[in-house]
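Here's the structure, in structure tokens; my notes come after.
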Amino acid sequence: MSDAIVPYSPRGRARAIKGFLGQFLSYGGAQVGLVCLVFFLVVAAMPNILVGPLQTAINATGEFLEPPSSQHLLGTDEVGRDVLNLVVHGARISLTIALLATVISLVIGTTVGMTAGYFGGPVDVWLMRLTDFFFVVPSFVLALVITPVVLEVIGRGRDILGFRPSLFVIIVVIGLTSWAFVGRIVRSQTLSLKERTFIDRARVAGSSNLSIMVRHLLPNLVPQIAANGALVVTGAIYVETSLSFLGLGDPLQPSWGTLLSLAQRAGAASAGAWWYLGAPGLCVLTVSLSFVLIGNALEDTFDPRRRVIP
Amino acid sequence: MTGSSQDKAPLLEVSGLSVDYGLKGVSSRAIDSVSFALRAGEAVGLVGESGSGKTTTAMAIAGLLSPNARVSGGQVCYRGNRLPIEDDAAMRPHRWSETSVVFQGAMNALNPVHRIIKQIAEPCMLKLGMPRGEATARAGELLELVGIPADRGAAYPHELSGGMRQRVMIAMALACRPSIIIGDEPTTALDVITQAQILKLLGELRSQLNLALILITHDLSVVAESCDRVMIMYAGRIVEDGTVAEIFAKPKHPYTRLLIDSIPNPANGKKMIRPIPGDPPNLVNRPSGCAFHPRCPSAMGLCATDVPSFDKFGRSRVACHLHRSSQEDKVAAHA
Amino acid sequence: MPDNADILRLESLQVHFPIQGGMLDRVLGRPVRAVRAVDGIDLNVGRGEIVALVGESGSGKTTLGRVITKLAQPTGGRMLFEGRDMTSVQGSSALRPYRHRVQMIFQDAYQALNPRHTVFDIVAEPLRSLRLVENGTQLAERVSEALASAGLNPPGDFFSRFPHELSGGQRQRVVIAGALAVRPELIVADEPVSMLDVSIRAQILQVLVDLRDKHHMALLFITHDLPLAWLIADRIAVLYLGKLVEIGTADEITFNPRHPYTVALRNATPQIGGNAGRAESPALQGEVPSAARVPKGCRFHPRCPLAFDHCREEEPPPIEVGPQHLSACWLANDGRSRSS
Amino acid sequence: MNGGRTSRHFGRILVRAIITLLMVAVLNFFLFRVIPGDPASLLLGGARISVTAEQMKAQRQNWGLDRPLFPDQAVDYLSATLRGDFGYSFKFRGRRVADLIVERLPATIVLVSLAQFIAIVCGVMLGLYAGWRRGGAVDHIATGASLLLYSTPSFWVAMILIVIFSTALGWLPGYGAYSPGVSTRSLDQVLDYLRHLTLPVSAVALGLIGQYVVVARAAMSDVVTEDYMVTARAKGLTGGQMLMRHAFRNAMLPVVTLITLNLGYVVAGAITVEAVFAWPGIGGLTVEALNARDYPVLQGVFLLLGASIVLANLVADLAYGILDPRVRQ
Amino acid sequence: MNKWPFSRRAVVKAMLLGSAAPWVMSSKVFASSSCDDHIVRIAAIAAPDSLNPFATSSSFWPLIFTYDFLVGSDAQLYSDRKGFAKTWSVADDNLTWIFKIWPGLKWSDGRPATARDAAFTYNFLLGSIGKPDELNIGQNSTNGMEQIASVAAIDDETLQIVTKAPTRWLIDNSFLILPEHIWKDISYADARSTFRNDPPLVGTGPMIVREYQQGQFVRFTPNEYFRTGKPATAGMILNLFSTADPIAQGLKSGSLDYALSLTAAQWDDLSKDPDIVVGQVPTEQRNYLAFNTVSGQGKGSTKALQDPVFRDAIGFAIDQKTIVDRAFRGHADPGAGLAMPVAADYYSYLSDIMRRFDLAEAGRRLDAAGYRDTNGDGVREDKEGNSFQLELITGTFATVIEMPIAAVQLVAGWLEKLGIPVSVTQLDSGALTARTVAPADGGGGWDLLVAGSWLSRSPHDILALGSSKQIGVSNSSYWTNDKFDGLLSEVDRTVDLKKSRELVDQAARIIYVEAPYIMLCYPSVLEAHRKDCFKGWGTDAAVSQVSYFPFDRLKPEPTP
């Protein structure tokens, strides 16, 4: 409302952001992580330009399980598709699933944690029981059980937001089952922020609860949310990979986990097709590691006392 | 009391002590050429605002400088022997048995997961080599000595009130029968009445055990009631040093005077407060010359350029261009 | 001061926090115990008057301040502001007119400033929330004005700074500016200088005194420091364990205390001038009991050097011992309590 | 006064655990009932046969599916669950779910607890040491390696281990829990079992080590900056004494919590690794049941997982209460 | 502190070395230990639910070594694979059958195995018909039993079965003959569900199930009383896996002698190993593309699916040869009619009416039938004017060879090129089953199905895909045709092989033209065995739905 008419000097904020970035980028881990991440994001953004359309059995270009060659830099799979092509297209799917699921779980976790922590009392008690429940039920297992059920219920429609229903289900299920950890952290941080008198000051200044939560709590929760968000991404990648590995992925839009699953089902390990196993696995590893490194660097930047990487 | 301690040889002698902190490649001087002597049984108050270097001074004396601190000059002698304060390992045998410290926040300074009796007994076992039973018994005695029933020893720190915790810290400090106790803001977090109790306890123990006490505080009035001598620190240097009576009656340094004036004192009935203008300096951008000159109402041109020497006037010393002793006085002081 | 001049009146104000019992207690129907943080306080503050609330930690002085600023809800008694009953008014919109006139200054300026907001945002927040300005220009004017009256000059230099870029004194001034921005009629200042270096304290106190002198603001000054209270306040109210034990003019309380607790407090306060005017009484023993276990009778009796049987049985009412000077002690008029 | 407070603390933890467990049970109940398709037709065996209406009705009656969902079915379900009766498997006809689980549980417990043990010993020690000597060589190597391990899906580690140690080098078996028909001489059997255990345990342990190193290191890094460590130093304690007497126990607080929580995942933790190694544990059972829509088995496994994690949470809370006297307040 | 680390390190090192030694040093031992004990180690991807043949057909592989069929089709082909009956004959009325049981045949527990046991098995099934617990779900099921009038043991060696109409079904069925003395007290309800028939079993086959660990292995011992003498090996272990990797590894390392369910990649890899012989076995499985032809409840997204012309046109867009090459890497026969090549008596390539892969032709036919792209968006519309968007579901039913996703990709790709977009949903076997049951049971709603079916090679089973009685069971397209049904019941009533062939051919042509299914291929099972431990593997087809690999004829290689 009145915010819009305020002559606002961006100087302070710009300086703060610049200072933050400077500090953040001074960590080696952050640099490595960002470079890897940007690389994969670029790859995920334009797979068609880089390697052409996703290969299927119908337009496969190679022989069966060829080892890497100049023709196929990462070899081929058991139907002759180029593994590089699959991995590049997989990047888009894996990253989309991981990032969207993370957004869902961060939104839910932050909302629940902040509400519980700020209001306390019975609201807190029941929201925390709910959180306990999702915390207690391993999200991977819950997803394992829910995914096929949900797939069966909604899996008959057409694409949802450009995703095949099965991918969409995985995104939603991962998001819905992995927020508890964020919820707990946000709540405990909210509890400690609530003790800070600037919340009291805001109330004396006449701010409503909503405004206090949005304008005072949320900005101060950003460090926790950001640092843990990076870890949630890693978790989401892990769950997605595992679910797909167990065959719950979508074989027609293969994520890295699905590729690993296909590789295993094709007997790649015992047939010595290391490139087929190695390529998607290394991608998962690199992306997870980037997020862990970025998360650590974020945490270090926000709280130098808790640096994880020396 | 001050008269009797005068005759004894100094227990602790600090001369020209300077300590630097390295922060991200930038080195900043925390204390600069600090010199003083402490006699057995004497209570000295070290007064200054935050960042004035009073805690660094104390930690240097106790050999507890943090790893990023460096002794860049001077020395500390205990009973005439130079202490290896820059060497963590070599300092270890000296700690607690000669100088012990009563820290500020007793809640955090006590290990939360151990019972207090164990924490008091620990130095007895490790430093004095007492068997566990004997050490526990001694810890019990020490608790009684500071006014806590020995059976409360089974409590954990969080189960005690702030005053009780500070008593535990004092009991712990006495464990190895040190001759010097450094109280680092020991009463800052306490209520007035509890503060009075703790100060009283420290005073009693001091005379009972002939302890020397270095009381670090930002509160001049605390020093006024519990110390023999007071040293005022500003920006890493001692600016004035003298007996309590002298300093409060006739402060020489403008900073001391302003400090005294800014404390409300119903005793002399004046309701006037005189703010000291400006903010305390920080370590990185220390003003040139006399560090107080930007805030000093009587600053002269000289003050901005020249560091005033620390001159002796009778039993007190002061570092101010307004008070320059004659050459002869200086010679006398060094004799 | 006459009643009609009172801006704030507290009548037997009470704040009891229930102690969270276990599930078992609730099932067994055990009575719910309560922390009696504020246990029946009568107090009035006149327009333009500075009243100091003095007490140790646990005396309820901070809770009282929070009740007056509507950060905590009283469980009993009444609170009248300019004659209007504000006891049960709640909700950010219902409280808007009240907040416009009653503001607060906090003890720890570092904690009281949102580290992610600029000084401008911080000072502008009440103006925006209470909708006191119509446009940006007006907002900027009011913010500048508030910063200037709090002694931050020139105000423009501070607009885009973050709290961590300020010194301790400057931070406290920003807190004060935030309270001043709405031009309140009553400010509750909770230990506003206790976290500050001695050399800065006087500056801040000066700002507060100027406010009263220039804008005729009333000030409720909460402190544990008797000399400080004497310095700034017109009247001093001494709290012990949720109750007023003595109230009177600053000089009366300082030089002619009638309650043994006030005496003990005065005696325990270290002073530069030595022990002038103070008797050699032994320091008070023990500590303030928990507000969950308020002693029967006079709540000070377990620590009182003068306690006798009656004190253990019945709680003393405030007794008038002089003009505007009340003391809740059975011996208040006896003379013995006085610096015996 | 203290005793009351402590017991209240533990009581609250217990109540929380029970509520959570009840929620798991409720979800479990509904999970079975919201799945598309009639459970009765599922009960009639894969349903690739024609079934008469009478048969369906008989099945419904048999399984109590004809009665109202609430309260009858729910009460039946809860009371049966409390008795440890999880019903019969759809897929493994006539096998009691409880028996199936009991049969598969030991393999998983052996695998995961051995892996946990190794990971705790290696990871926690390494992490604590790295945190104690921050910035040292051990710290750099341990942190780098643990972050790498932390980011790697354990089933991929498992596949790589198989490719290296089983397919390429032929040193260790890469699947199953025993060699087919290994002679029944007991020592051979034990050695054979241990050889089969090696790669799965390594795969699970490697992932856990990374986690433990990170947490233990962070915990120790926090502890060394605490004031009481300065006190300990002031008391003239040696580095070793400071570490063992003061830092260790405080740093172990968060680590113990993590360990206990992880113990709850004993059952759930190795599903993918079990799948890769064809390890005959609960993980394998879960995947089989999932593929066959064996909802009673899934329900049983799910409840078991929930219960074990609730239990672990409970133990973690209790352990924290015991280790850290402050928490009891 | 200063002295300790060295000695501590030394201790740790010693411990590590000590503990590693038995692993590394004996690694060769575990690899070669299998020859000495003369136990045949085999492996397959299989998960027997229980060993009760009335409750499940998933236990086929372990049970086929323990129990005999009465006759079974392999017994008609191979003299060394005879079943419970040594000889059989049918009276001139083509209704009364006489089976002569092997004289002196014994169960593995030493008790005599007689015609009474066979009569018991058949009558047990017969008796359940119409009961709530009708035994209609297992390997031994009432499916087909309705043709039987009576079953009786004339004497210990003679079994007489009278059928209501002439049928070859009696010698084609694959029911396992069970010992009466074990089964006589089992109720139908138990037989249908909870009775697990736990080992040790009692049977007349060469290898008796001695131990069964769910999901892990089945251990067999040789049947001392086997009709041709106790097998020469010391027993057999069937290892059960859920993926093929461990199987290939086991073969390579020597811990397995024989393996089934290999992937093409592993098969290629193993074929390079000098100690290993690979083979591929054509099976009775048919992989097909089915259309949801039902018009009422459970119908698909467009009426076109019910139009034979539409389905026929799609048939021109499917290149069976490419599917075999790409998706199966040659380990399959290209699809044609209902009969699979291994059913040599009935197989016909239908070359006269065979559709040839021709996308243009398919397009022309669609255009002609009115399925045009009228609005030029590249997608055809059906006759109601709705753009096509077909949902294709796929997956692998339990107990059949896995459907490679590449095959689905090819099908979807060709349809896409025709202007018929397809969305693919891959389902696990449970979900696939749930969605393909009869519409009355909640199935249907999908448009296309790519799946496989593995029944026996009997004419009844060959035609089951179009049987109206098998809707939602074997008939996944829900297609019905009265003429086809008539032919099917006639086949069931025919004993004469030649006539039977004709009837099957007629029926196959009807369904081919109507095209509720497009046959994709008949996949082969890939197998391999090691040469070093045993001899006598032979070269015959090893696996079949209707018999067992004759492991009983293996002999240990003399140890060098």
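Just so it is clear, the model here is predicted, and its values are computed rather than measured. Letters go in sequence order (proteins before strands), and every chain restarts at 1.
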Below 4.5 Å from any heavy atom of chain E, which atoms of D/Leu285 appear? Answer side chain, backbone, both or neither. neither
So, do E/Gln249 and D/Ser166 sit near enough that their side-chain heavy atoms are less than 4.5 Å apart? yes
OH/D/Tyr193: more than 12 non-hydrogen atoms of other groups inside 6.0 Å: yes
Region of E/Phe217 that comes under 4.5 Å of a non-hydrogen atom in chain D: both
Quick check: do E/Asp245 and D/Met159 have side-chain heavy atoms less than 4.5 Å from each other? no
